[in-house]
Amino acid sequence: VDDHVRPRRVVIVGGGFAGLFAARALRNRPVQVTLVDRAEHHLFQPMLYQCATGILSEGQIATPLRYILRHDDNVDCVLAEVTGFDVAARKVIATRPLGDRMELPYDDLIVAAGAVQSYFGHDEFATMAPGMKTLTDALTIRRRVFGAFEIAETATDPAERRRWLTFVVVGAGPTGVELAGQIRELATRTLRDEYHRADVADARVLLFEGAECPLASFGPKLSAKAARALDRLGVELFMRSIVTDIDAQGVEVRGPGGSVTRHEAGTVLWTAGVQAPPLAHTLARQTGAEQDRAGRIRVAPDCTIPGHPEISVVGDLMALDHLPGLAEVAMQSGRYAALRIRRDMEGRKVGPFRYRDFGSAAYLSRGRAVVSFGPVRLNGFPAWCLWIAIHIAFLTGFRNRFGALLSWLLTIGWAVRRERALTARQIAAACRRHPSATPEPSGAGGRRNTGRPS
Ligand SMILES: Cc1cc2nc3c(=O)[nH]c(=O)nc-3n(C[C@H](O)[C@H](O)[C@H](O)COP(=O)(O)OP(=O)(O)OC[C@H]3O[C@@H](n4cnc5c(N)ncnc54)[C@H](O)[C@@H]3O)c2cc1C
């Protein structure tokens with residue numbers, strides 16, 4: 001096609017919050033958008049822990065990108081894994097599902113590939129302790145958690161049963177706190193009458209965190225409330241405690257005094273930190289972009305790579321003004337990158353990206369949450385109502401919203417968790433931890449980029 005008549009080509013890498021909002025902001029515009037993702041769905045990461053603990057189904061938190069964008073004729077969805085860039089030739093290099101290479105030419109590139117789980121230099125922990133980033137992670141955790149109760153039920157050795165009824169969660173940020181609380185609620189409400197040999201209500205949940213307090217980013221008052229709520233739930237909190245080793249039988253932890261203690265545990269789950277994916281290094285090498293400590297790409301105030309006005313980096317992958325890895329940052333920066341392209345086509349300029357902070361929220365237990373918004377700090381029931389309203393508003397599609405509300409009602413009112421159809425083989429594959437197993441890379445997304453080990 002003649003370069004003068006063909007529409008401007010925009011390639012967006014990643015259909016998470018940032019990429020999807022960029023694509024939506026370019027719908028029905030005179031541009032040809034290609035949204036490339038290695039997953040066919042947009043994942044609502046804040047609800048991953050609910051999928052992992054049997055409340056929500058995978059379909060309720062993962063909506064096909066094609067379905068979301070079905071009315072946008074100028075947006076093509078491509079299922080492929082991006083492996084590199086040819087910045088000089090303005091091409092994205094990707095691998096199609098069956099392994100062959102494809103090239104996606106662009107005039108403008110928006111890179112929104114999110115972040116991956118960080119094990120703080122201990123990548124060998126990944127097979128022992130799955131992270132919480134992708135749908136695969138949530139389903140693995142679901143199998144491990146429900147599998148642990150099943151294995152405990154038929155164990156004849158009391159020590160083995162105790163071990164399978166001990167769950168370790170590493171990292172007391174929002175995801176760790178939510179996950180730990182849900183495992184205790186699962187044990188004490190949903191499963192307590194279903195098992196007759198193992199006393200599942202006595203299941204221990206140990207939550208380890210390197211910082212002084214849980215939910216540190218919510219400030220001291222809400223953090224103290226969260227600690228009390230976790231205590232009431234029966235979660236055992238270990239602050240200033242660094243997990244130094246994980247094996248098939250449990251964990252070793254260096255406590256505040258420096259002494260190392262061993263804890264036997266059948267299940268270990270990792271929610272402690274995030275870092276940029278390897279694709280960020282590839283992009284940095286090609287463009288000369290700088291990366292921060294977590295590997296994120298340092299961008300100019302307009303979210304572009306310095307010296308490359310045609311490449312924007314947005315969402316969790318971008319390092320700008322110490323903005324946190326939050327869904328709201330991703331949505332706003334994605335939308336901004338699209339707006340910049342639109343303005344540029346009109347020969348106009350946009351000002352620098354300005355983030356509007358709408359606060360953050362974390363679920364503690366039934367009827368309890370914490371919400372922090374500017375100077376406002378809410379906790380307990382009002383915060384919980386707000387939490388529900390926010391998450392329903394951001395779920396994609398009416399069916400998912402309605403379905404999630406119904407599932408929450410059933411879980412809150414009657415402790416029902418129906419999303420746990422498992423077989424012995426699936427449980428064996430998930431629960432047999434050995435270092436030779438190679439997990440799928442723990443995907444993209446992530447907030448709480450503290451860069452600090454827990
Ligand atoms: C468990 C959890 C709970 C969270 N809870 C909250 C919360 O309560 N509130 C909040 O504001 N934020 C929360 N966050 C953070 C929020 O989800 C992220 O900030 C947000 O998802 C970042 O959006 P993104 O588009 O940058 O990345 P993502 O949403 O991660 O999307 C990245 C996309 O890129 C794709 N991708 C990655 N690499 C490639 C590749 N090489 N080729 C092709 N595609 C690729 C991925 O498949 C993915 O679809 C949570 C995150 C997690 C993990």
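Scope of the values below: all heavy atoms of this structure, side chains included, with no hydrogens, waters or symmetry mates. Counting starts at 1 for both ligands and their atoms, following the listed order.
- When Gln45, Arg38, Glu178, His391 are checked for heavy-atom proximity to atom 52 (C) of ligand 1, Gln45 turns out nearest.
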Decide salt bridge (charged side-chain N to carboxylate O under 4.0 Å, His left out) for Arg184 and Glu236; before the verdict, give the C-alpha distance in whole Å, the side-chain angles of both, and the deciding distance to 0.1 Å. CA-CA 10 Å; Arg184 274 296 295 166; Glu236 299 169 46; over 6 Å; no
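- Heavy atoms of Asp37 found under 4.0 angstrom from ligand 1 belong to the backbone as well as the side chain.
- When each atom of ligand 1 is checked for a heavy atom of Glu81 under 4.0 Å away, the hits are 41 (N), 42 (N).
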If you apply the rule side-chain contact (heavy atoms from CB on, under 4.5 Å), what do you find for Leu320 with Arg298, and how did you get there? CA-CA 6 Å; Leu320 177 68; Arg298 285 194 203 283; over 6 Å; no
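- At under 3.5 Å, not a single nitrogen or oxygen of Leu279, backbone or side chain, sits near a nitrogen or oxygen of ligand 1.
- Taking every non-hydrogen atom of Gly325 and a distance limit under 4.0 Å, the qualifying atoms of ligand 1 come out as 15 (C), 19 (O).
- Both tests pass for Arg24 against the ring of Phe21: distance under 6.0 Å to the centre and angle within 45° of the axis.
- With Val82, Val78, Leu35 as candidates, the residue nearest to atom 40 (C) of ligand 1 on a non-hydrogen basis is Val82.
- With respect to Asp107, the salt bridge (charged side-chain N to carboxylate O under 4.0 Å, His left out) criterion is satisfied by exactly one of Arg90, Lys91, Arg8, Arg6: Arg6.
- Which parts of ligand 1 touch Gly315 is read off a 4.0 Å heavy-atom cut-off, strictly below it: atoms 26 (O).
- Taking the side chain to side chain contact (heavy atoms under 4.5 Å, CB included) definition, one finds that Ala415 meets it with Arg189, Thr190, sequence neighbours left out.
- Every N/O-N/O distance between Lys133 and ligand 1 stays at or above 3.5 Å.
- Using a 4.0 Å cut-off between heavy atoms, Ala80 contacts ligand 1 through its backbone alone, with no side-chain atom that close.
- Within a 6.0 Å radius of CZ in Arg232, more than 12 heavy atoms belonging to other residues, nucleotides or ligands are found.
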